[in-house]
Amino acid sequence: MKRDSGKAFASVLLACAVQLCLVACGNPGGKGDGSDSQTSGNVKEEEGSSGEETGKEPVTQTITISTIDHEAGNANVGDYAEEIRNRIEEYTGVNIEISWVANDVLEEKNSLYLTDPKTMPQIITWGSTMTGNVVAAAKSGAFVDLNDYIWDSEKYPNLSAMSRDVAGNLTIDGKLIAVPRTRVIGRYGLSYRTDWFEALQEEWELEEPDTPEAVYKMLYAFTYGDPDGNGVDDTIGMEMTLYTGPFDIIQTWFGCGNGWAEVDGRLVPVWMQEEYWDAVDYIKKLYDDGLMPKDWASRPTDTWSDGCKTGKNGVFIDVLDSGKRIWQYYLADGTYTASVTDPGKAASMTLHGAVNGHTLATSGYAGYFTLSASTLDTPKKIEAALTFLDKLNDPEMLILTQYGLEGIHYEINEEGYLVDLDVEDKVLGANYTGLNQMLAYLPSMEVCNELIPLEQDEPTKVLNQAYADNLPYAIVNPALSYLVNSAAYSDDGAALDTQIAAARTQYICGAITREQFEAELQKARDTGYDQIIEEVNAQYQANQEK
């Protein structure tokens, strides 16, 4: 490895910066043309006058941000932690005060901030989709309406390129009240063990799993066809745990929506679609025929992928990146898994994605940032906070917050790729760990990932292609932006959704009949869901008429 790699790194960053400008805003002048906005965004308003008027240097604004601590108090600590923070402050032009909040108390802590807005950090990180207390706070004016600022592509070339659909999901009463922490939209799908499929393909007349029927046939063969060739009945088609997200994906294969769907000009929950019963009966058949574990409803999620890793099952239905990680497990030293069809090679996973032309889309984000209207009480303060969030998505900051310092935490090799030097050194890695919780990953996570010069292994290359292939087939939830503005959903929606999911589980496992399941659905409608449907559709129709 080369220690003196500054020139190589500078070339990488220059290329990355050009790419970002082309993708994000189509402005060949890039950020250099926005110097006026950067200056105004960094001036703290005090007793009246700017640095330009007094002849003094502008006062750098302090940004307070609460963000998630996944490291039990060990985020951004150690010998180089301060230097890394200083570099972030120098690049973004603000002083940063971070309040680290443990993930398991994040919602509780943030709710306390809402009770006293004047003590609220200027930027708050939320770790979930929009909840009722956030909606209520937004309606009372607790957060800045970002529509007035964020779409300015010269000032905010990264933030302004966010998806308008995702922005709609974070809009309350017409006000955009949050910056999303973006995620890949075409992330969900089906992955399966390639060598098992090849071993059984001819005998069991397997076809590529492009239809629910082909998936069933593959699962049956993986369960009863001895795919590992050991002569022992010790395999099962698909792993399943108490997390029922895979069932939501399977439902889309039959034409169901993502949570909600448009039917005859109205938005309805998927359990009101005719296709829903075809889907749940199909899942019930998978269960009845032994193609998933009988005790799935009590299995924890923390060992979910172990079945594929250890050769107990061959299909994983959820995020495609889990399929990639299973594949990487097969390749790794110490866990190397040989292919059953070619023992000289490692086993692999096929990241198939959509079935029958459908799969589930993500919401496009996982958590979000709100800006306090009480502590960011002038346009200049708001602009400084947005400039800070925007600049963190530049190539330099993406690398610094996720890989640390060149020559200490990483190097750039002769091919121009970033080489992580502290993969096994948790103490050294703690210098920058956690700072990525401040990243919005805009314009998109895909673009941000492309801006980091990492050499990709085969599973990662296949995953990125699978994401791209999946995107046209990913079904979005058409009601998301309306649900956050439904008072009835804020009050009762989460509890009713939980009740409906529990009834589906009982039906699949044979604990209740179809008639009893239908009765549970009607009960949900009578105790609040009909009101939710009416409120959602009132908004939907008003939007259609605009």
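We number each residue from 1, following the sequence as shown.
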Distance, nearest 0.5 Å, that separates CD of E446 from CD1 of I185: 7.5 Å
Min side-chain heavy-atom separation T337-R193 under 4.5 Å: yes
Geometric class of the W253/Y282 ring pair [parallel <30°, tilted 30-60°, perpendicular >60°]: perpendicular
Side-chain heavy atoms of L351 within contact of S191, under 4.5 Å: yes
Pairing residues for A479 by the side-chain contact (heavy atoms from CB on, under 4.5 Å) criterion, not counting sequence neighbours: W260, L267, N477, L483, V536
Basic-acidic side-chain contact under 4.0 Å: D248, R504: yes
Note, D492 side chain near Y529 side chain (heavy atom, < 4.5 Å): no
Over all atoms of both residues, closest heavy-atom pair of S363 and L480: CB-CD1, 4.0 Å
Q544 atom CD: more than 12 heavy-atom contacts under 6.0 Å: yes
Donor-acceptor contact below 3.5 Å, side chain N258 vs main chain A361: yes
Donor-acceptor under 3.5 Å (E535 side chain, A487 main chain): yes
Between T350 and T194, a side-chain donor and acceptor under 3.5 Å: yes
Between OG1 on residue T362 and CE on residue M445, distance to nearest 0.5 Å: 10.0 Å
Exam field: side chain T92 to backbone K391, donor-acceptor pair closer than 3.5 Å: no
No-hydrogen, no-angle side-chain donor-acceptor test under 3.5 Å, N543 and Q539: no
Main-chain N/O of L442 paired to N393 side chain as donor or acceptor, under 3.5 Å: yes
Shortest non-hydrogen contact between E107 and S128, atoms and distance: OE2-OG, 3.5 Å
Chi angles and distances behind the side chain to side chain contact (heavy atoms under 4.5 Å, CB included) call for K175, F143: CA-CA 9 Å; K175 298 177 181 178; F143 309 120; over 6 Å; no
Between T67 and T125: side-chain donor-acceptor atoms closer than 3.5 Å: yes
Residues L371, L389; criterion side chain to side chain contact (heavy atoms under 4.5 Å, CB included); working and verdict: CA-CA 11 Å; L371 274 63; L389 290 175; 4.1 Å; yes
Donor-acceptor pair, side chain of D321 and main chain of K324, under 3.5 angstrom: no
Side-chain heavy-atom pair Q251, V270 within 4.5 angstrom cut-off: yes
Nearest atoms (heavy-atom pairs only) where P209 meets L190: CG-CD2, 4.2 Å
D69 side chain vs V101 backbone, donor-acceptor pair below 3.5 Å: no
Closest non-hydrogen atom pair between L400 and R87, with its separation: CD2-CB, 3.8 Å
Check: T301 side chain, W304 main-chain N or O, donor-acceptor pair, under 3.5 Å: no
Between Y192 and E208: side-chain donor-acceptor atoms closer than 3.5 Å: yes
Distance in Å, D173 CG paired with K139 NZ, rounded so as to fall on 0.5 Å steps: 3.5 Å
Interatomic spacing from CD1 in I123 to CG in L376 - rounded to 0.5 Å: 7.0 Å
Distance-only polar pair, side chains of Y441 and N158, donor-acceptor under 3.5 Å: no
Nearest non-hydrogen partners of L286 and L219, listed with the distance: CD2-CD1, 3.9 Å
Intermediate values then yes/no, side chain to side chain contact (heavy atoms under 4.5 Å, CB included), E71 and V77: CA-CA 10 Å; E71 308 301 323; V77 297; over 6 Å; no
Distance-minimising heavy-atom pair for A161 and P443: CB-CB, 3.6 Å
Distance, nearest 0.5 Å, that separates OH of Y368 from CD1 of I124: 9.5 Å
Close side-chain approach of C308 to N313, heavy-atom, < 4.5 Å: yes
T64 side chain to E97 backbone, donor-acceptor under 3.5 Å: no
Any M397 side-chain heavy atom under 4.5 Å of L439 side chain: no
Y432 side chain to D422 side chain, donor-acceptor N/O pair below 3.5 angstrom: yes
Any D210 side-chain heavy atom under 4.5 Å of H352 side chain: yes
N/O donor-acceptor pair under 3.5 Å between N147 side chain and G174 backbone: yes
Beyond-backbone contact of I326 with S305, side-chain heavy atoms, under 4.5 angstrom: yes
Spatial distance of atom CG (L320) from atom CG (N470) [nearest 0.5 Å]: 5.5 Å
T303 side chain vs D306 backbone, donor-acceptor pair below 3.5 Å: no
Test item: side-chain donor near acceptor, D390 and T387, under 3.5 Å: no
Distance-only donor-acceptor check, side chains T131 and N133, under 3.5 Å: yes
Residues T244, W296; criterion side chain to side chain contact (heavy atoms under 4.5 Å, CB included); working and verdict: CA-CA 10 Å; T244 57; W296 65 267; 3.8 Å; yes
